[in-house]
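Proteins come first, then strands; the chains are lettered A, B, ... in the order of their sequence lines, and each starts at number 1.
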Protein chains: 2
Amino acid sequence: MESLWKAMADDSRREILLLLGKKKMTPSELAGHFQFTPPALSSHLRILRNADLITEQRLGKNRYYSLDERKSLEMIDFFEKMWGYKMNSLKEFIENKERKKKHE
Amino acid sequence: MESLWKAMADDSRREILLLLGKKKMTPSELAGHFQFTPPALSSHLRILRNADLITEQRLGKNRYYSLDERKSLEMIDFFEKMWGYKMNSLKEFIENKERKKKHE
DNA sequence: TAAACAATTAAATAATTGTTTAATTGTTAT
DNA sequence: ATAACAATTAAACAATTATTTAATTGTTTA
């Protein structure tokens with residue numbers, strides 16, 4: 001497992017992404033939203049991390065995971081090829097948002 | 001298998017989508033681009049069809065498959081939730097293109 | 001330093017998904 | 001009707017992915 005698309009294919013992983021989109025969380029905190037055993041959750045987080053969909057930040061005992069925004073561009077690129085659209089406006093939108101974040 | 005995201009997760013299926021985006025094709029025609037046995041290809045086409053990513057049109061002995069554009073909206077919706085963006089401009093873009101096609 | 005905690009990795013098992021071979025359905029042409 | 005073709009479905013098998021239990025790593029606190 002390593003592909004972006006395979007990482008997105010799992011229902012629970014997409015839910016994790018939605019949760020991490022709201023705020024960064026530790027695995028323990030995430031666990032409250034699912035039925036997972038800790039290793040199962042850990043495995044999903046590793047898959048999301050390998051796909052660069054989330055980033056990890058270690059702080060003492062805890063690890064904080066948060067959404068890594070860069071990857072959506074790659075999927076948008078696929079839609080662009082698929083439909084032949086030029087989705088530049090969307091790409092610029094996302095890229096601008098990223099640039100803003102960096103300067104916060 | 002039935003989910004949109006699982007249908008998208010397979011590399012070959014995404015390639016099929018790119019090919020069908022260019023023009024409608026029969027399975028025999030598609031087969032030229034892959035190593036699949038006919039049943040394997042048929043299985044992928046069924047998965048894409050169940051996910052409403054492609055449509056089937058029977059014509060005599062042949063079946064023509066083509067890209068069904070409606071589904072991309074559902075994935076865009078997910079990105080919208082995930083990033084909290086309002087992607088209305090993109091949605092309108094796609095919806096307009098659809099409306100145009102209908103009147104061709 | 002020892003105990004407790006957060007989270008992971010490893011190894012085994014369970015579940016899902018993909019591919020093959022064989023048999024079937026429906027269509028055209030002779 | 002029957003032969004040939006396009007594509008599918010069914011059933012068995014192969015491969016991949018997910019989940020569990022057990023063991024491990026690193027961090028804090030008593």
Gap between atoms CG and P, on A/Leu30 and C/dT8 respectively (whole Å) | 10 Å
Return the value, rounded to whole Å, for the distance between atom CG of B/Asp10 and atom P of C/dT16.
-> 18 Å
Rounded distance (Å) that lies between atom P of C/dT16 and atom CD1 of B/Ile47 | 15 Å
Figure out the CZ/C1' separation between A/Arg13 and D/dA18, and round it to whole Å.
-> 9 Å
Roughly, in whole Å, what's the span from CZ in B/Arg63 to C1' in D/dT9?
-> 10 Å
Could you state the interatomic distance from NE2 (A/His33) to CG (A/Leu41), rounded to the nearest 0.5 Å?
-> 11.5 Å
Proximity to the side chain of B/Pro39 - top-ranked nucleotide from D/dT19, C/dT20, C/dT8 | C/dT20
Output for pair (B/Ile47 CD1, B/Lys6 NZ), nearest 0.5 Å, gives 11.0 Å
Quick one: is B/Lys61 getting a side-chain N or O under 4.0 Å of the C/dG26 phosphate, OP1 or OP2?
-> no
Given C/dT20, is OP1 or OP2 found less than 4.0 Å from the side-chain N or O atoms of B/Thr37?
-> yes
Looking across every strand, which nucleic acid part, if any, lies under 4.0 Å from B/Pro27 by heavy atom: base, sugar-phosphate, or nothing?
-> sugar-phosphate
Separation of B/Leu45 CG from B/Ile16 CD1 (nearest 0.5 Å) | 5.0 Å
A/His44 side chain near D/dT19 phosphate (N/O to OP1/OP2, under 4.0 Å) | yes
Using a heavy-atom cut-off of under 4.0 Å over every strand shown, decide if B/Tyr65 touches base, sugar-phosphate, or nothing.
-> sugar-phosphate
Interatomic distance, A/Asn62 CG vs C/dC5 P [rounded to whole Å] = 13 Å
Using whole Å, report how far CD of A/Gln57 lies from P of C/dA6.
-> 18 Å
Short side-chain N/O contact from A/Arg58 to OP1 or OP2 of C/dT8, under 4.0 Å | no
Reckon A/Arg46 touches a base, only the sugar-phosphate, or nothing at all at heavy-atom distances under 4.0 Å?
-> sugar-phosphate
Can you tell me the distance, in whole Å, between the CD atom of A/Glu29 and the P atom of C/dC5?
-> 18 Å
